[in-house]
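First up is the structure itself, then whatever we jot down about it.
The chains referred to below are lettered A, B, ... by the order of the sequence lines, with proteins before strands, and numbering in each begins at 1.
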Amino acid sequence: MVSENPFGQFRRECEEALAKAIKKTLPEIKAPTITLNKTPNIEFGQLASSICFDLAKKLNQKPIVVAEHLVKAIDKSSFNLIEKVVFAGAGYINFHVDFTKFSALTLESIKKLKYDYGFVKTANPQKIIVEHTSVNPLHPIHIGQARNPMLGDALARILEYRGHQVSRHYYVDDVGRQSSVVAYGYQKLGRPKPTEKADHFVGKIYTVTSCLVEINRLKRAREVAVAVRSAEELVKTNKEIDEWMSIAAELKEKFPVLFEVLMAKIGEDENPEEEINRLNRAYEDGEPNAKQLIREVSDLCLEGFKETMARVEVSYDSWDWESDFVWSTQVSEVMQKLKTSPFVFTEKGVLEFDAEKVAQIFKLKSKLGLSETHEIPTLTLMRADGTTLYTTRDVAYTLWKFGQAQKVINVIGMEQSLAQLQLKLALYALGYGEFADNFVHFAYNLVTLPGYKMSSRRGHYITFDEVLDEAVLRAYEEVSKRSPQLSEEEKRSIANFVGIGAVRYALVDVDSSKPVVFTWERVLNFETNSAPYVQYTHARACSILRKAAREPEKPAYDLLAERLERELILNLAGFPDMFIEATEYLKPNNIADYANALADKFNTFYNALPVIKADSQELSDARLVLTQAIQIVMHNALNLIGIVAPEKM
RNA sequence: GGGCCCGUAGCCUAGUACGGAUUAAGGUGUCGGCCUUCGGAGCCGGAGAUCGUGGGUUCAAAUCCCACCGGGCCCGCCA
């Protein structure tokens, strides 16, 4: 017999048994919803119901008395996996699984389904777009931004395994002013070929250019302040200039040649800021030279991103350029439609979107989890000069996404929650309520560095590449120390998947709503609760199976009676439920936790109980099957979060 | 000022959506053990927690409600 969800099957049996008993003994009570809880202790069985506390109130009896009646009325003979049902505590009903049958069912199912085990398919498969990463092509991806692709990719993976048709999208935000800044600097340098990894190369140009342009702008602002004799303005501007001058000094020291050249070239322009604005406008208008230039420098940077993402095995199905939506009619069409809706008004010559009014008229506040008294701020849709703003363009982009998917999940930092809410409300305003309902902002909390704030403008950041390099280097040292007998090639390959796995794990492991403080210690952790730990445990399981060098022929599952063995079987049987939950509630960190807990338990198991040299051949066979099952499930779990499950390390 | 998120041993984290069992679960660090058979990236044991604070709801609260405190983020004709 094979079950794709052994624990789920047991749960269903218990629910049915209990429902029948209630119907039989208490026909006057209308069928309550039955939810079963995991027990705190294996001695209380595997599932428990506390329904008697509710029933007791209605019946005006003691919970334990009700429990006793119900237990007596339960006919377990018509069920397969229920060994016994007992009443306990103040009024619990505890269900005990028949371990002989359950172990056989679980282990045989895993053996049969193998690398498909656990991935229960949804009854409602959908086309889903997961947009993630979407780092602006201005500078290398830094560690604060790297949490995004790690979460996004894990989400895409689990949804895919769930049976959805997932498409991973990268939104290239090339329309902002910042893109024009870097393009301007790049142009001034004569469009040089990168002398290093392209995104790092572009990043330096961006940082230095933006600093020089800012200083130039502030100096002109100071002249104005002097001319109009505004002391207040003068003090403020001077302060800003001082700040930027210190950044400039830092940059000059770090990149002396680049700094000198850019300073000379930018100095040729009377008003660099005006040049940049002109470039920006030309780009939005689709002027060919501007297009050529900005696309060229953006592409350069994206090439660097692709290299980085290839290292961590993250890829994308679609690269969506924001500019394409501006150049086509899509953005202007959305604007037109919004303009004619009752939710857009003009104020001081600019178009404003009244998100609050939408929420009120469509009565969305409680649905969106907002308090009735909270007033949602308006959103500016268009500048006075007729150019559009980021969120406006995002509305067009989102509609385009819904043209090819039923559900859209945006992996975007929680600092953009308001903008994402306004975007959702714009969809309602446009009459696309169904889209809005299937529009998910997967918000995650920030990664911060202890000590200082990351600032891409200042060039103060730890790049994701650096973190990966360091992790692989550290892993190499570890492998060399622990397994000196391995060949150089093996060591390098192991160091790579261990180091990268460690980083992926560290960024996925924490609940996405919680902030993460980046420390090297966290990411380079190779001990318990890390990818290397789970990987190592997986390799040990493989090692035992290798050493046994035989297929278990007569496993006697009833001999797996040790508490540890039973707990392991329960863990394995619960993998499908865990997977379903992680997928439905978008909690990739659950997978990491599960893998770690399974590794923990397995480590304890094989340290305490001999597998190959067990007392009897039948027991040894049973433990071998158990070990196989653990190896398979650990492999499947690691796979879900994009981590290699090695046979040796 | 308004809104959102976070607050669990020295440090890091699970549990919170859906309230349940005398003892709130791991890790790290700390103290003490383990070449015992399958790889010590490991295993076993000890100490270590007013679950931010105060109220409330409930037979039952880390979990739900209210108020407050601490930290972060957002409230741009930036993205």
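Not a single donor-acceptor contact under 3.5 angstrom links the side-chain atoms of Glu584(A) to the base of A17(B). For Asn94(A) against A21(B), a side-chain-to-base donor-acceptor contact under 3.5 Å is present. At a cut-off of 3.5 angstrom, the base of G76(B) holds no donor-acceptor pair with the side chain of Thr380(A).
In this structure, Glu284(A) atom CD and C77(B) atom P are separated by 16 Å, rounded to whole Å. If you measure from atom CD of Glu527(A) to atom C1' of C12(B), you get 13 Å, rounded to the nearest angstrom. Atom P of nucleotide A21(B) and atom CG of Asn37(A) are separated by 9 Å, given to the nearest angstrom. Atom CG of Leu524(A) is separated from atom P of G27(B) by 21 Å (rounded to the nearest Å). Phe442(A) has its CZ atom 20 Å from the P atom of C4(B), to the nearest Å. A21(B) atom P lies 10 Å from atom CZ of Phe53(A), rounded to whole Å.
Nucleotides G27(B) and C4(B) place their P atoms 37 Å apart, quoted to the nearest Å. If you take atom P in U53(B) and the same atom in U8(B), they sit 10 Å apart, rounded to whole Å. A distance of about 26 Å separates the C1' atoms of G46(B) and A62(B), rounded to the whole Å. Across G48(B) and G40(B), the matching C1' atoms stand 26 Å from one another, rounded to whole Å. If you take atom P in C66(B) and the same atom in G2(B), they sit 16 Å apart, rounded to whole Å. Rounded to the nearest Å, the gap between the P atom of U50(B) and that of C12(B) is 15 Å. Look at the C1' atom in both U16(B) and C5(B): the space between them is 14 Å, to the nearest Å. One P atom belongs to A24(B), the other to A9(B), and the distance between them is 14 Å to the nearest Å.
The side chain of Lys547(A) approaches C38(B) more closely than any other nucleotide in the set G42(B), C38(B), A41(B). Closest to the Leu418(A) side chain, of the nucleotides C78(B), C74(B), C38(B), is C74(B). Side-chain proximity of Arg383(A) to the nucleotides C77(B), G2(B), A21(B) is greatest for C77(B). In the set G42(B), C43(B), C78(B), C43(B) carries the atom at the smallest distance from any side-chain atom of Asp600(A). Side chain of Ile544(A), nearest nucleotide from C77(B), A21(B), G39(B): G39(B). In this structure, the nucleotide among U28(B), C38(B), C6(B) sitting nearest to the side chain of Asn445(A) is C6(B). Closest approach to the Phe44(A) side chain among G42(B), A41(B), U22(B) is made by U22(B) (side chain taken as heavy atoms from C-beta onward). Among U37(B), G39(B), A17(B), the nucleotide with an atom closest to any side-chain atom of Lys613(A) is U37(B). Looking at the side chain of Pro377(A), the nearest of the listed nucleotides A41(B), C73(B), C75(B) is C75(B). Of the listed nucleotides (A41(B), C75(B), G42(B)), A41(B) has the atom at the smallest distance from the side chain of Met649(A).
Nearest-nucleotide assignment on RNA chain B puts the 5′-proximal partner with His374(A), out of Thr391(A) and His374(A). The nearest heavy atom of RNA chain B to Asn596(A) and to Arg540(A) marks one nucleotide each, and the one closer to the 5' end goes with Asn596(A).
Within 4.0 Å (heavy atoms only), Asn280(A) reaches no atom of the nucleic acid at all. Counting non-hydrogen atoms under 4.0 angstrom, Gln420(A) reaches nothing in the nucleic acid. Within the nucleic acid shown, Asp385(A) has no heavy atom closer than 4.0 Å to any nucleic acid atom. As judged by a 4.0 angstrom heavy-atom cut-off over every strand, Asp593(A) is placed among residues touching the sugar-phosphate backbone only. Among the atoms of the strands shown, base atoms are found under 4.0 Å from some heavy atom of Thr39(A). Heavy atoms of Asn525(A) sit nowhere under 4.0 angstrom from any nucleic acid atom. Nucleic acid contact for Ala443(A): none, since no nucleic acid atom lies under 4.0 Å from a heavy atom of the residue. At the heavy-atom level, Gln416(A) lies under 4.0 Å from base atoms of the strands shown. Note on Lys481(A): nothing from the nucleic acid sits closer than 4.0 angstrom, heavy atoms only. The residue Ile412(A) sits apart from the nucleic acid: no heavy atom pair falls under 4.0 Å. If you check every strand for non-hydrogen atoms under 4.0 Å, Leu389(A) touches sugar and phosphate atoms only. Residue-level contact check: Ala90(A) touches neither bases nor backbone, having no heavy atom under 4.0 Å from any strand.
A salt bridge is defined here as a Lys NZ or Arg NE, NH1 or NH2 lying under 4.0 Å from an Asp or Glu carboxylate O, and Arg563(A) with Glu567(A) meets this definition. A salt bridge links Arg393(A) with Glu322(A): the distance from a Lys NZ or Arg NE/NH1/NH2 to an Asp or Glu carboxylate oxygen falls below 4.0 Å. Between Glu490(A) and Lys648(A) there is no salt bridge, since no side-chain N of the basic residue sits under 4.0 Å from a carboxylate O of the acidic one. Residues Glu15(A) and Arg12(A) are not paired through a salt bridge, judged by the lack of any N-O separation under 4.0 Å between the basic side chain and the carboxylate.
Between Arg623(A) and the phosphate of C38(B), there is no side-chain N or O to OP1/OP2 separation shorter than 4.0 Å. For U13(B), the OP1/OP2 oxygens have no side-chain nitrogen or oxygen of Asn589(A) closer than 4.0 Å. For Tyr533(A) and C43(B), the shortest distance from a side-chain N or O to OP1 or OP2 is below 4.0 Å. The side chain of Ser513(A) contributes no N or O atom lying less than 4.0 Å from OP1 or OP2 of C5(B). Residue Thr604(A) places at least one side-chain N or O closer than 4.0 Å to OP1 or OP2 of C44(B). Taking only side-chain nitrogens and oxygens, Thr528(A) comes nearer than 4.0 Å to OP1 or OP2 of U28(B). Note on Arg522(A): every side-chain N or O is 4.0 Å or more away from OP1 and OP2 of C12(B). Phosphate contact (OP1/OP2 of C5(B), side-chain N/O of Lys514(A), threshold under 4.0 Å): absent.
Heavy atoms from other residues, nucleotides or ligands lying under 6.0 Å from CD of Glu521(A) number 12 at most.
For Asn571(A) and Tyr594(A), the side-chain atoms include no donor-acceptor pair closer than 3.5 Å.
Between Tyr171(A) and the choices Trp321(A), Trp319(A), Tyr397(A), the ring pair (Phe, Tyr, Trp, His ring centres under 6.0 Å) rule is met once, by Tyr397(A).
Base pairing of A9(B): no nucleotide in any strand meets the Watson-Crick or G-U wobble criterion (both distances under 3.5 Å). Judged by Watson-Crick or G-U wobble contacts below 3.5 Å, the nucleotide A67(B) has U53(B) as its partner. Base pairing of G29(B): no nucleotide in any strand meets the Watson-Crick or G-U wobble criterion (both distances under 3.5 Å).
Taking the six-membered ring where tryptophan is involved, the planes of Trp520(A) and Phe518(A) are perpendicular, since the angle between them exceeds 60° and thus also 30°.
Cation-pi geometry between Arg492(A) and Tyr476(A) is met: the NZ or CZ atom falls under 6.0 Å from the ring centre, inside 45° of the normal.
The aromatic ring centres of Phe602(A) and His538(A) sit 6.0 Å or more apart.
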